[in-house]
Protein chains: 2
Amino acid sequence: MISERKKEIITIAAKLFKEKGYNAVSMRDLAQELGIKAASLYNHISSKQEILAIIILEVAESFTQHMQKTFPKNISVRQKLEEIIHMHIEITIQKTNYLACLNNDWMHLDEKNLAYYIEMRNGYEKQLRKIISEGIENGELEKRDEEIILFSLLSTLRTLYLWYSKKPSLKIELLKRDLTNTLLSGVIKA
Amino acid sequence: MISERKKEIITIAAKLFKEKGYNAVSMRDLAQELGIKAASLYNHISSKQEILAIIILEVAESFTQHMQKTFPKNISVRQKLEEIIHMHIEITIQKTNYLACLNNDWMHLDEKNLAYYIEMRNGYEKQLRKIISEGIENGELEKRDEEIILFSLLSTLRTLYLWYSKKPSLKIELLKRDLTNTLLSGVIKA
DNA sequence: GTCTATAGGTTGATAGAC
DNA sequence: GTCTATCAACCTATAGAC
């Protein structure tokens with residue numbers, strides 16, 4: 001069980017990690033933001049590492065679960081890609097700071113959690129790659145290098161948090177519509 | 001003037017910063033990689049900050065210069081975007097580690113250099129935004145939110161280094177062709 | 001559940017010998 | 001141009017009082 005106080009610590013930590021990075025945020029910084037002393041943090045968490053692991057693994061597991069729900073569906077490749085894009089947008093909006101930590105500080109996980117994270121990331125990419133190659137084979141997608149399609153899609157989705165947090169006025173429905181169209185159909189008028 | 005030894009220090013530093021981030025690399029780590037002691041580094045550089053600033057500003061200035069060359073050209077919007085995409089690909093290949101530092105550690109620049117960097121980045125985005133809105137107005141580009149086009153393009157180009165370094169077998173010409181097509185025309189077959 | 005005090009280690013950087 | 005020795009500041013984490 002995670003207490004309310006622990007959740008609060010993790011939420012604030014994620015905000016600070018997003019701004020300055022895991023290594024540049026000290027336990028004193030974190031404690032100060034909560035209005036307590038650094039030593040008091042250890043009544044709620046066991047280490048700085050634990051905070052990082054909770055943040056990163058929560059988002060990573062969320063992506064994995066959603067992918068495993070979408071992957072086996074009996075729908076077109078286009079529909080699968082749309083679902084995945086919308087899922088990334090929703091997680092970005094709900095977990096902006098967590099996502100920033102995952103992107104910037106995953107390499108600072110300890111050995112065991114790092115291995116688990118990389119396993120999840122590889123699994124996710126593998127399934128998305130399979131959706132793309134299915135689309136190329138059945139003619140839904142253009143014949144292009146599948147790694148280029150995979151990573152140009154993923155890199156936009158993974159760094160969405162960077163500019164979404166600068167444009168909070170952007171309506172979710174507009175974002176979903178225009179980003180999906182841009183990623184799937186490009187920008188040049190036919 | 002930058003001596004050969006100083007260049008070597010900066011090159012190795014960029015490699016380490018890419019792997020672990022600026023704050024997780026100590027002067028002792030850097031010295032060890034060069035086969036000397038940490039104190040000896042200070043015969044060549046004045047501070048750890050100086051190394052970071054040289055790395056980041058060099059790439060940032062390079063992007064700015066190229067954009068200022070492309071921006072005023074009397075060519076179509078499509079051609080301008082193609083030129084910018086190719087420029088990003090070339091800088092990514094030539095300066096992979098420098099680019100990683102710029103992306104991950106720009107916020108650790110000191111006050112003065114941070115202001116200069118942000119000024120350059122804002123200027124770059126402003127000019128690219130202008131190219132995009134020109135394209136929407138003259139009908140070359142689809143009518144979409146211009147911020148969405150701007151940042152979906154930029155986020156792929158900015159994080160290209162992440163996966164290019166994992167796929168060094170990828171031929172530059174294939175990358176230029178398929179990435180340009182994917183970004184400009186999408187992936188769905190018409 | 002928070003505090004003070006502190007252990008034990010690492011950090012960036014300097015002084016001065018060679 | 002590199003070394004050893006060292007400093008002051010900072011780090012994560014623990015012990016024990018309240």
Side-chain angles (χ1 to χ4, degrees), chain A residues 1-57 101 104-114, chain B residues 1-57 97 101 104-114 117:
Chain A
M1 271 303 297
I2 295 187
S3 69
E4 282 307 309
R5 191 65 164 150
K6 187 167 180 176
K7 280 184 201 161
E8 192 186 359
I9 290 170
I10 291 165
T11 304
I12 305 249
K15 192 194 83 181
L16 296 181
F17 292 167
K18 184 198 172 195
E19 285 161 11
K20 307 204 289 172
Y22 176 72
N23 275 291
V25 175
S26 72
M27 296 303 269
R28 285 174 181 82
D29 295 334
L30 175 55
Q32 194 176 33
E33 198 83 359
L34 285 147
I36 58 176
K37 297 291 173 184
S40 308
L41 290 169
Y42 291 88
N43 253 289
H44 306 281
I45 50 103
S46 68
S47 68
K48 195 184 175 188
Q49 259 296 319
E50 191 202 352
I51 301 177
L52 185 68
I54 290 175
I55 291 171
I56 292 180
L57 298 185
C101 293
N104 300 325
D105 288 315
W106 60 269
M107 73 288 278
H108 299 123
L109 287 169
D110 65 22
E111 209 177 351
K112 203 188 109 215
N113 287 316
L114 183 61
Chain B
M1 270 302 299
I2 296 188
S3 70
E4 281 307 310
R5 191 66 165 150
K6 187 166 180 176
K7 281 183 201 162
E8 192 186 358
I9 290 170
I10 291 165
T11 304
I12 305 253
K15 192 194 81 179
L16 295 181
F17 292 166
K18 185 199 172 195
E19 286 162 10
K20 307 205 288 173
Y22 176 72
N23 275 291
V25 175
S26 72
M27 296 304 269
R28 285 168 181 81
D29 295 334
L30 175 54
Q32 193 175 34
E33 198 84 357
L34 285 148
I36 58 176
K37 297 290 173 184
S40 309
L41 290 168
Y42 292 89
N43 254 288
H44 306 281
I45 50 102
S46 67
S47 68
K48 196 184 175 188
Q49 259 295 319
E50 191 202 354
I51 300 177
L52 185 68
I54 290 175
I55 291 171
I56 292 180
L57 298 185
N97 297 341
C101 294
N104 300 324
D105 290 315
W106 60 268
M107 73 287 280
H108 299 122
L109 287 169
D110 65 22
E111 207 177 353
K112 204 187 109 215
N113 287 316
L114 183 61
Y117 164 74

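Naming: A, B, ... by sequence-line order, numbering from 1 per chain.
Set against dT4(D), dG1(D), dT14(D), the side chain of Ala39(B) has dT4(D) as its closest nucleotide. In the set dT12(D), dT4(C), dA5(D), the nucleotide with an atom closest to the side chain of Ser26(A) is dT12(D). With distances taken from any side-chain atom of Lys37(B) to the nucleotides dT14(D), dT4(D), dG12(C), the minimum falls on dT4(D).
Between the side chain of Arg28(B) and the base of dG12(C), at least one donor-acceptor pair of N or O atoms lies under 3.5 Å.
Rounding to whole angstrom units, CG of residue Asp110(B) and P of dG12(C) are separated by 15 Å. We find that CD1 of Ile36(B) is positioned 12 Å from P of dT4(D), with the value rounded to whole Å. Between the CD atom of Gln49(B) and the C1' atom of dA13(C) there is a distance of 14 Å, rounded to whole Å. Nucleotide dC11(D) holds its C1' atom 16 Å from the CG atom of Leu52(A), rounded to whole Å. Between Leu41(A) atom CG and dC3(C) atom P the separation is 9 Å, expressed in whole Å. Between the C1' atom of dA13(C) and the CD1 atom of Ile51(B) lies a distance of 12 Å, rounded to the nearest Å. Whole-Å rounding puts the Leu34(A) CG to dG1(C) C1' distance at 13 Å. Put simply, OH on Tyr22(B) is 13 Å from P on dT11(C), counting in whole angstrom units.
Contact between the side-chain N/O atoms of Lys48(B) and the OP1/OP2 oxygens of dG12(C) is found at a separation under 4.0 Å. At least one side-chain nitrogen or oxygen of Ser40(B) sits closer than 4.0 Å to the OP1 or OP2 atom of dC3(D). Within the 4.0 Å cut-off from OP1 or OP2 of dA13(C), at least one side-chain nitrogen or oxygen of Tyr42(B) is found.
Under a cut-off of 6.0 angstrom, the local environment of CD in Gln32(A) is sparse, with at most 12 non-hydrogen atoms contributed by other residues, nucleotides or ligands.
Salt-bridge annotation for Glu33(B) and Arg28(B): absent, with no side-chain N of the basic residue lying under 4.0 Å from a carboxylate O of the acidic one.
The CD1 atom of Ile56(A) sits 4.0 Å away from atom CG of Leu109(A), with the distance rounded to the nearest 0.5 Å.
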Is there a side chain to side chain contact (heavy atoms under 4.5 Å, CB included) between Arg5(A) and Leu34(A) once you walk through the steps?
-> CA-CA 10 Å; Arg5(A) 191 65 164 150; Leu34(A) 285 147; 4.1 Å; yes

Could you walk me through whether Lys20(A) and Met107(B) pass side chain to side chain contact (heavy atoms under 4.5 Å, CB included), step by step?
-> CA-CA 7 Å; Lys20(A) 307 204 289 172; Met107(B) 73 287 280; 5.6 Å; no

